[in-house]
Participant: 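Just dropping this structure here.
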Amino acid sequence: MRFTTARLCGGQAFMAISADILDLDMEKAEEFLRKEGCEIVSRDEMMLVYKWEGKEVTLYTQGKVMYLPQTVRADCIRDATALLEKLLENQRNS
């Protein structure tokens, strides 16, 4: 996957922005992340917020993923790639 990134929240967060336009199903994403042991904070049609490895992660339907706190661009891209690959595979198999 290819991404652009944005540094947010005064440098304490990074957002990975997928170069491909995605259309993630937030309900399926929530089910998958719960099974993975993530604590879901909130969800609507456009985004899902959950806790993962001491971070708050916001996932958007278009494939944007924001990590707070996160200060390392490469880690943001690595984590977003792993997450989106799993979610897309799960969505295809559902």
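Treat the numbers as computed from the prediction; the structure is a model and nothing was measured. In this chain, residues are counted from 1 in sequence order.
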Participant: Please round to the nearest 0.5 Å and tell me the distance separating atom CH2 of W52 and atom CG of L33.
Facilitator: 10.5 Å

Participant: Looking at CE of M46 and NZ of K64, how far apart are the two atoms once the value is rounded to the nearest 0.5 Å?
Facilitator: 9.0 Å

Participant: For R2, I'd like to know if atom CZ has over 12 heavy atoms of other residues, nucleotides or ligands within 6.0 Å.
Facilitator: no

Participant: Considering all heavy atoms of both residues, which atom of P69 and which atom of K55 are nearest to each other, and what is their separation?
Facilitator: O-CE, 3.2 Å

Participant: Shared ILVMFWY cluster between F14 and Y60, side chains joined below 4.5 angstrom?
Facilitator: no

Participant: Give me the atom names and distance for the closest heavy-atom approach of Q12 to L68.
Facilitator: O-CD1, 3.4 Å

Participant: For E89 versus N93, what's the shortest heavy-atom pair and its separation?
Facilitator: OE2-ND2, 2.9 Å

Participant: For the CD atom of E45 and the OG1 atom of T61, what is their distance to the nearest 0.5 Å?
Facilitator: 10.0 Å

Participant: Check L84 against G63 and note the closest heavy-atom contact, atom names and distance.
Facilitator: CD1-O, 3.5 Å

Participant: Any donor and acceptor pair, going by atom type alone, linking the side chain of Q70 with main-chain N or O of V72 inside 3.5 Å?
Facilitator: yes

Participant: How close do L59 and A29 get, counting heavy atoms only, and between which atoms?
Facilitator: CD2-CB, 4.0 Å

Participant: By side chain to side chain contact (heavy atoms under 4.5 Å, CB included), which residues pair with E27, not counting sequence neighbours?
Facilitator: D25, E31, R43

Participant: With rounding to the nearest 0.5 Å, note down the distance linking CG in L48 to NZ in K28.
Facilitator: 14.5 Å

Participant: Testing the basics here: between L24 and Q91, what is the closest heavy-atom pair and its distance to 0.1 Å?
Facilitator: CA-OE1, 3.6 Å

Participant: Nearest 0.5 Å please: distance from the CD atom of E39 over to the CD atom of E56.
Facilitator: 10.0 Å

Participant: Does A16 offer a backbone N or O that forms a donor-acceptor pair with the side chain of Y67 under 3.5 Å?
Facilitator: no

Participant: Is any side-chain heavy atom of T58 closer than 4.5 Å to a side-chain heavy atom of Y50?
Facilitator: no

Participant: Donor-acceptor check, side chain of N90 to backbone of K86, threshold 3.5 angstrom: yes or no?
Facilitator: no

